> 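Can you read through this structure? Questions will come right after.
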Amino acid sequence: MNPFPFTRFAPSPTGYLHRGHVLSALFVYAAAEHFGYPIRLRIEDHDKSRARQAYIDAIREDLEWLGFSWEAESIQSANENRYLRFFQKLKKENRIYACDCSRKFTFETNPTNSEGEAIYQGHCRHLDLPFTEKNAVRFKTPSTAIEWNDLRLGKFFENPAEQCGDFAIKDRAGQWTYQFAVVADDLEEGIGLVVRGEDLRASTARQIALGQALGRKTPPLFLHHPLICAESGKKLSKREHAASIRGERELGISPEKLLGEVCVQAGLLSSFRLLSVNESILLAKKHLFSKI
């Protein structure tokens with residue numbers, strides 16, 4: 001029996017879904033169909049300062065309005081015991097340490113990578129600071145080259161210690177980080193295929209390393225899909241003031257029109273036509289796998 005039978009669509013409820021999320025869902029569902037994985041909807045509300053119940057409710061409603069369905073569902077705020085259990089495992093094995101470095105100090109005293117992320121050099125690694133609420137918790141990232149294969153982009157050979165250094169699994173606000181929560185959830189929720197945007201590709205090697213520390217023997221398969229860009233050239237996002245699906249619905253757009261426009265924007269379709277969700281998934285599938 002396969003212990004990792006699922007893939008997942010995992011939006012964060014820090015705002016309403018927008019067209020970038022729709023495209024991501026199309027690619028997730030396309031890959032799930034291609035490889036034969038059932039889908040879990042996972043609400044990633046680890047950022048408690050920005051998550052809102054209205055956004056959580058809207059995620060389900062907007063996806064159903066578009067025609068998506070899923071076989072399982074989970075929400076990160078229900079997983080505190082899971083995270084504490086893995087935290088205790090890492091602590092017992094001396095794989096983590098407390099850190100009191102501020103964001104400003106971190107960027108002033110460490111080099112940055114090509115994504116503008118600080119490569120933390122372990123300033124607090126040997127200080128034996130207490131695991132208190134005011135301190136972050138960092139993973140002792142092993143300096144080991146990790147080879148992994150992207151199902152769309154090919155092979156990568158990366159050392160996470162050089163990419164990001166010792167990364168946080170809990171921040172100074174007491175919140176579990178994205179990097180930690182998703183690895184713990186993917187392990188416990190049987191995620192064998194991770195489909196996500198190219199902007200998250202650089203997180204892969206560190207997540208494989210953390211997964212190994214948590215006890216995962218075989219990493220999931222990874223596929224990083226292309227993104228829709230805003231007029232600024234940056235990926236379509238809340239920060240780039242992307243129009244929400246909720247707002248477009250209120251203006252009277254139909255699911256078929258929205259899906260057709262998303263497929264044109266993403267280059268999945270050369271000229272606009274109304275599309276069902278199944279037709280849109282088929283276009284995404286052809287885009288991803290026609291050359292594989």
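Keep in mind that this is a model prediction, so the values were computed, not measured. The analysis underlying the following values was restricted to heavy atoms, covering all of them including side chains, and did not include hydrogens, waters or symmetry mates.
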> Under a 4.5 Å cut-off applied to non-hydrogen side-chain atoms, are Val182 and Glu44 in contact?
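Yes. Closest side-chain heavy atoms under 4.5 Å.
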> Among all residues two or more places apart in sequence or in another chain, which pass the side chain to side chain donor-acceptor pair (under 3.5 Å) test with Gln53?
Asp57
> Is the count of non-hydrogen atoms from other residues, nucleotides or ligands lying under 6.0 Å from Arg103 atom CZ greater than 12?
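12 or below, so no.
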> Sort out for me which residue in Phe167, Phe180, Tyr178 forms a side-chain contact (heavy atoms from CB on, under 4.5 Å) with Gln207.
Tyr178
> Among residues at least two apart in sequence or on other chains, which ones pass side chain to side chain contact (heavy atoms under 4.5 Å, CB included) with Ser271?
none
> Between Asp166 and Arg125, does any NZ, NE, NH1 or NH2 come within less than 4.0 Å of an OD or OE carboxylate oxygen?
yes
> Please test Asp185 against Gln76 for side-chain hydrogen bond (donor to acceptor under 3.5 Å, both in side chains), starting from the C-alpha separation and ending with a verdict.
CA-CA 8 Å; Asp185 291 340; Gln76 288 182 327; 3.0 Å; yes
> Would you mind reporting whether Arg201 and Glu158 have side-chain heavy atoms less than 4.5 Å apart?
yes
> With a 4.0 Å cut-off, would you call Glu71 and Arg40 a salt bridge?
no
> Indicate whether any N or O donor in one side chain lies under 3.5 Å from an N or O acceptor in the other, for Asn278 and Ser276.
no
> How far does OG1 of Thr144 sit from CD1 of Ile208, to the nearest 0.5 angstrom?
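Going from the OG1 atom of Thr144 to the CD1 atom of Ile208 covers 12.5 Å.
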> Begin with the C-alpha distance, continue with both residues' side-chain angles, and end with the deciding distance and a verdict on side-chain hydrogen bond (donor to acceptor under 3.5 Å, both in side chains) for Asp128 and Tyr97.
CA-CA 7 Å; Asp128 197 27; Tyr97 60 93; over 6 Å; no
> How many angstroms lie between OG1 in Thr177 and CD1 in Ile169, if you round to the nearest 0.5 Å?
7.0 Å
> Is Arg8 salt-bridged to Glu189, cutoff N-O under 4.0 Å?
no
> If the condition is salt bridge (charged side-chain N to carboxylate O under 4.0 Å, His left out), which residues does Glu33 pass it with, not counting sequence neighbours?
Lys285
> May I have the step-by-step check of side-chain hydrogen bond (donor to acceptor under 3.5 Å, both in side chains) for Thr14 and Asp47, ending in yes or no?
CA-CA 8 Å; Thr14 56; Asp47 187 347; over 6 Å; no
> Quick one, His225 with Ser24, criterion side-chain hydrogen bond (donor to acceptor under 3.5 Å, both in side chains). Give me CA distance, side-chain angles, the key distance, then yes/no.
CA-CA 8 Å; His225 63 72; Ser24 184; 3.1 Å; yes
> Should Lys91 and Glu93 count as an ion pair when the cut-off is N to O under 4.0 Å?
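Looking at Glu93 together with Lys91, the answer is no, because their closest N to O distance does not fall below 4.0 Å.
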> Would you call Arg196 and Thr204 a side-chain contact if the rule is heavy atoms closer than 4.5 Å?
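Yes, close enough: below the 4.5 Å cut-off.
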> Between Arg60 and Glu73, does any NZ, NE, NH1 or NH2 come within less than 4.0 Å of an OD or OE carboxylate oxygen?
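Result for this pair is yes, salt bridge flagged.
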> Quick one: does Gln265's side chain get under 4.5 Å of Arg19's, heavy atoms only?
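They are in side-chain contact.
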> Answer whether the closest heavy-atom distance between the side chains of Pro38 and Trp70 falls below 4.5 Å.
no
> Flag the pair Phe156 / Phe222 as yes when their ring centroid distance falls below 6.0 Å, and as no otherwise.
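No, the ring centres sit 6.0 Å or more apart.
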> Quick one: salt bridge (charged side-chain N to carboxylate O under 4.0 Å, His left out) pairs with a partner in residues 204-222, sequence neighbours left out?
Glu117-Arg206
> Measure the CD1-OG1 distance between Ile119 and Thr141 for me, rounded to the nearest 0.5 Å.
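Reported value, rounded in 0.5 Å steps: 11.5 Å.
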> Sequence neighbours left out, what passes side chain to side chain contact (heavy atoms under 4.5 Å, CB included) with Arg246? Give chain and number order.
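Partners of Arg246 by the side chain to side chain contact (heavy atoms under 4.5 Å, CB included) criterion, ordered by chain and then number, come out as Tyr16, Ala58, Glu61, Asp62, Ser244, Arg249, Glu250.
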> Identify, with sequence neighbours excluded, every residue that meets side chain to side chain donor-acceptor pair (under 3.5 Å) alongside Tyr55.
none
